[in-house]
Amino acid sequence: MNELLLIGSIFVIFGSLLVIFKLFGKQGLYCFTVLATISANIEILIIVKAFGMEMTLGNVLFASTFLVTDILSEMYGKKAAQKAVHIGIATSLIFIVFSQWWLLYTPSETDFAMGAMRTIFSNTPRLMLVSIIVYAIVQEFDVWAYHKIWNFTTKKFGDSKKYLWLRNNAATLISQLLNDILFTLGAFWGVHSTKTLLSIIVSSYVIFIVTSLADTPFVYAARKIHLSRKKEVENT
């Protein structure tokens, strides 16, 4: 069941991103960044077994933020992609404040939720702070690498539209490896055993490889949506 849910989540999350992009354009991608950033930092608390490996959840959601920056880089340029990164950082900082503020309240005798909230969000500050630092480093690197590869292929082959699959996958796979190592060690060092940490790093990167390769058709679909919208605007 876990395996089916993980595979299904790729199509549900990436598909939802495309729908939001089609409906709301660039602004929709910024909104999706907020949603994915908050959700991924909560979901990553859950550890499951799937495909014979122990792994944290949140990998597909986090991978979708790379898909967002790749689409923004491709359609709107480097500054638009960097704006999404900055929105993700601001979202994480504000969410830390909100989630910790909730825990300051004294619950009523009839309350049933505070215990569960404390269990979830008492771990949030460390995870979120590590996430902010790693997110900032990795996403900035991803945007830089994407455009570096794009400039290289454009100069080499004289066509800026070709090799979208290469810049999309190369930038993301390198960035995801960096993210995987930095986040796992920063978030879970001292919480899990070394064996578990290594298992999380390996299993997470396997998921990242799959999601990186799987997001390529969605990047092409997003470019098609964007070009179609441009033609509609030009014809009106």
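Computed over heavy atoms, backbone and side chain alike; hydrogens, waters and symmetry mates excluded.
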Would a distance-only check, ignoring hydrogens and angles, find a side-chain to backbone donor-acceptor pair under 3.5 Å from [X] to [Y]?
| X | Y | answer |
| --- | --- | --- |
| Ser92 | Gly88 | yes |
| Thr69 | Phe66 | yes |
| Ser16 | Val12 | yes |
| Ser9 | Leu6 | yes |
| Arg118 | Leu103 | yes |
| Asn2 | Ala50 | no |
| Asp111 | Met114 | yes |
| Tyr135 | Asn179 | no |
| Trp150 | Ser160 | yes |
| Arg223 | Phe218 | no |

Item to check | Residues that Thr106 engages under side chain to side chain donor-acceptor pair (under 3.5 Å), provided they are two or more places apart | outcome: none
Please determine whether the number of non-hydrogen atoms from other residues, nucleotides or ligands lying under 6.0 Å from atom [atom1] of [X] exceeds 12.
| X | atom1 | value |
| --- | --- | --- |
| Phe11 | CZ | no |
| Lys22 | NZ | no |
| Phe152 | CZ | no |
| Tyr105 | OH | no |
| Trp102 | CH2 | yes |

Checklist outcome for this item: When Ile201, Ile200, Val138, Ile44 are each screened for side chain to side chain contact (heavy atoms under 4.5 Å, CB included) with Phe183, the one that passes is Ile44
Output the distance between atom [atom1] ([X]) and atom [atom2] ([Y]), rounded to the nearest 0.5 Å.
| X | Y | atom1 | atom2 | result |
| --- | --- | --- | --- | --- |
| Lys26 | Met75 | NZ | CE | 12.5 Å |
| Thr91 | Phe98 | OG1 | CZ | 10.0 Å |
| Ser73 | Leu164 | OG | CG | 11.0 Å |

Next on the checklist: Using side chain to side chain donor-acceptor pair (under 3.5 Å), reason through Asn169 and Thr216 one step at a time and then give a plain yes or no.
Outcome noted: CA-CA 7 Å; Asn169 285 299; Thr216 304; 3.0 Å; yes
Same apolar cluster: [X] and [Y], side chain cutoff 4.5 Å:
| X | Y | result |
| --- | --- | --- |
| Val206 | Leu4 | no |
| Phe112 | Met117 | no |
| Ile94 | Leu35 | no |
| Leu227 | Ile225 | no |
| Tyr76 | Leu23 | yes |

Next on the checklist: Could you list the cluster mates of Leu5? Members are the ILVMFWY residues connected by side-chain heavy atoms closer than 4.5 Å, either directly or through other members.
Outcome noted: Met1
Item to check | Parallel, tilted or perpendicular, as decided by the 30° and 60° cut-offs, for the rings of Trp165 and Tyr163 | outcome: tilted
Next on the checklist: If you apply the rule side chain to side chain contact (heavy atoms under 4.5 Å, CB included), what do you find for Trp144 with Ile149, and how did you get there?
Outcome noted: CA-CA 9 Å; Trp144 173 84; Ile149 296 167; over 6 Å; no
Do [X] and [Y] have side-chain N/O donor and acceptor atoms under 3.5 Å apart?
| X | Y | result |
| --- | --- | --- |
| Ser175 | Gln139 | no |
| Asp70 | Thr172 | yes |
| Ser193 | Thr196 | yes |

Item to check | Listed partners of Ile174 passing side chain to side chain contact (heavy atoms under 4.5 Å, CB included), at least two apart | outcome: Phe141
